Amino acid sequence: MILMKDIIREGHPTLRAKSKEVQFPLSEEDRKLSEDLLEYVINSQNDEMIEKYDLRPGVGIAAPQVNVPKRIFALHFDENSGENLSLIAINPKIVSHSVEKAYLSAGEGCLSVDRPIPGYVPRYARVTVKAFDIEGKEYKMRLKGLPAIAFQHELDHLNGIMFFDHINPKNPFAEIDNAIAIDRASGE
Ligand code: NB4
Ligand code: NI
């Protein structure tokens with residue numbers, strides 16, 4: 001299982017790399033990596049596992065964060081988060097997006113960043129995405145709210161982009177035009 005010691009931190013060059021597309025059928029290695037990423041996110045929302053393995057909670061994690069520059073990430077929102085979304089995204093793409101932006105009013109954090117970086121992270125409010133699952137079957141979905149924000153945070157990791165790259169350096173909480181605030185505890 002993935003532990004915090006396996007997660008690389010700010011300054012590690014892999015976090016700034018452009019990750020490579022994955023070939024299908026998946027190698028045993030890539031299948032295990034995909035399952036391990038989803039397992040981490042699920043474990044990180046389970047109090048016993050958090051306690052036992054000192055895990056930082058997350059709703060998503062991307063392969064570069066365990067030092068594998070491949071275009072794979074996992075997202076997990078359990079049923080009581082009202083989102084009920086659990087997925088592995090391989091070779092993900094944003095097909096289209098709203099003009100309207102959105103941001104988490106609590107800001108964002110990252111398992112690869114061991115310090116709070118305050119500020120609004122403007123992202124697209126709604127995205128239509130496509131990706132492949134571990135069976136190599138392509139799927140397409142429309143996301144909004146926190147799942148849309150999380151998908152974009154993870155996709156950024158595959159392109160070597162960190163959440164704080166989007167924060168206005170002069171005024172981190174500057175008003176963002178045509179944007180909606182998503183009020184959710186950052187949950188960290
Ligand atoms: C990715 C998120 C940062 C902003 C918003 C949130 C948490 C992360 C980073 C968008 C994506 C990880 C991956 C949370 C969290 C709310 C839901 C359900 C019950 C606890 C869980 C806590 F943990 N971010 N952490 N950061 N990233 N919400 N929640 N809660 O997930 O670095 O690249 O269990
Ligand atoms: Ni992150």
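Ligands are counted one by one from 1 in listed order, and the atoms in each one are counted from 1 as well. For the numbers below, each heavy atom of this structure counts, side chains included, while hydrogens, waters and symmetry mates do not. It should be emphasised that the depicted structure is a prediction, and the values quoted were computed from it without experimental measurement. Counting from 1, the numbers follow the sequence of the chain as shown.
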message = Measuring from atom 17 (C) of ligand 1, which candidate in Val59, Val41, Leu104, Ile7 has the nearest non-hydrogen atom?
response = Val59
Is there side-chain contact between [X] and [Y], with at least one heavy-atom pair below 4.5 Å?
X      : Y      : value
Met1   : Tyr53  : yes
Arg16  : Asp165 : yes
Cys110 : Glu10  : no

Just which atoms of ligand 1 are under 4.0 Å from any heavy atom in [X]?
X      : value
Cys110 : 32 (O)
Gly60  : 12 (C), 13 (C), 27 (N), 31 (O)
Glu154 : 1 (C), 13 (C), 27 (N), 33 (O)
Ala150 : 10 (C), 11 (C)
His157 : 33 (O)
Gly109 : 3 (C), 9 (C)

ask   = For Asp36, which residues count as a salt bridge (charged side-chain N to carboxylate O under 4.0 Å, His left out) partner, sequence neighbours excluded?
value = Lys32
Lys144: partners by salt bridge (charged side-chain N to carboxylate O under 4.0 Å, His left out), with sequence neighbours left out = none
query = Pairs in or reaching into residues 117-129: which pass salt bridge (Lys or Arg N to Asp or Glu O under 4.0 Å), with residues at least two apart or in two chains?
reply =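 Non-adjacent pairs meeting salt bridge (Lys or Arg N to Asp or Glu O under 4.0 Å): Glu100-Arg126, Glu108-Arg123, Arg123-Asp156.
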task = Give every protein N, O or S atom lying under 2.8 Å from the Ni ion (ligand 2), naming each by residue and atom.
result = Cys110 SG, His153 NE2, His157 NE2
query = For Asp177, does the CG atom have more than 12 heavy-atom neighbours from other residues, nucleotides or ligands under 6.0 Å away?
reply = no
task = Say whether Gly58, considering both its backbone and side-chain N or O atoms, lies within less than 3.5 Å of an N or O atom on ligand 1.
result = no
key: N/O separation below 3.5 Å, Ile61 to ligand 1   = no
request  = Considering non-hydrogen atoms only, spot the tightest contact between Ala150 and Phe77 and give its length.
outcome  =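 Closest heavy-atom pair between Ala150 and Phe77: CB-CZ, 3.8 Å.
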task = For Thr128 and Val95, indicate whether the former's side chain and the latter's backbone hold a donor-acceptor pair under 3.5 Å.
result =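 Not at all, since once roles are kept as given, no pair shorter than 3.5 Å links the two residues.
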Given that the side chain starts at C-beta and the backbone is N, CA, C, O, which of these parts of [X] lies under 4.0 Å from ligand 1, counting heavy atoms, or is it both or neither?
X      : answer
His153 : side chain
Ser81  : neither
Gln65  : side chain

query = Between atom OH of Tyr124 and atom CD1 of Ile149, what is the distance when rounded to the nearest 0.5 Å?
reply =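 Atom-to-atom, Tyr124:OH and Ile149:CD1 are 12.0 Å apart.
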note = Output for pair (Ile72 CD1, Leu26 CG), nearest 0.5 Å, gives 6.5 Å
ask   = Parallel, tilted or perpendicular for Phe163 and His153, by the 30°/60° rule?
value = parallel
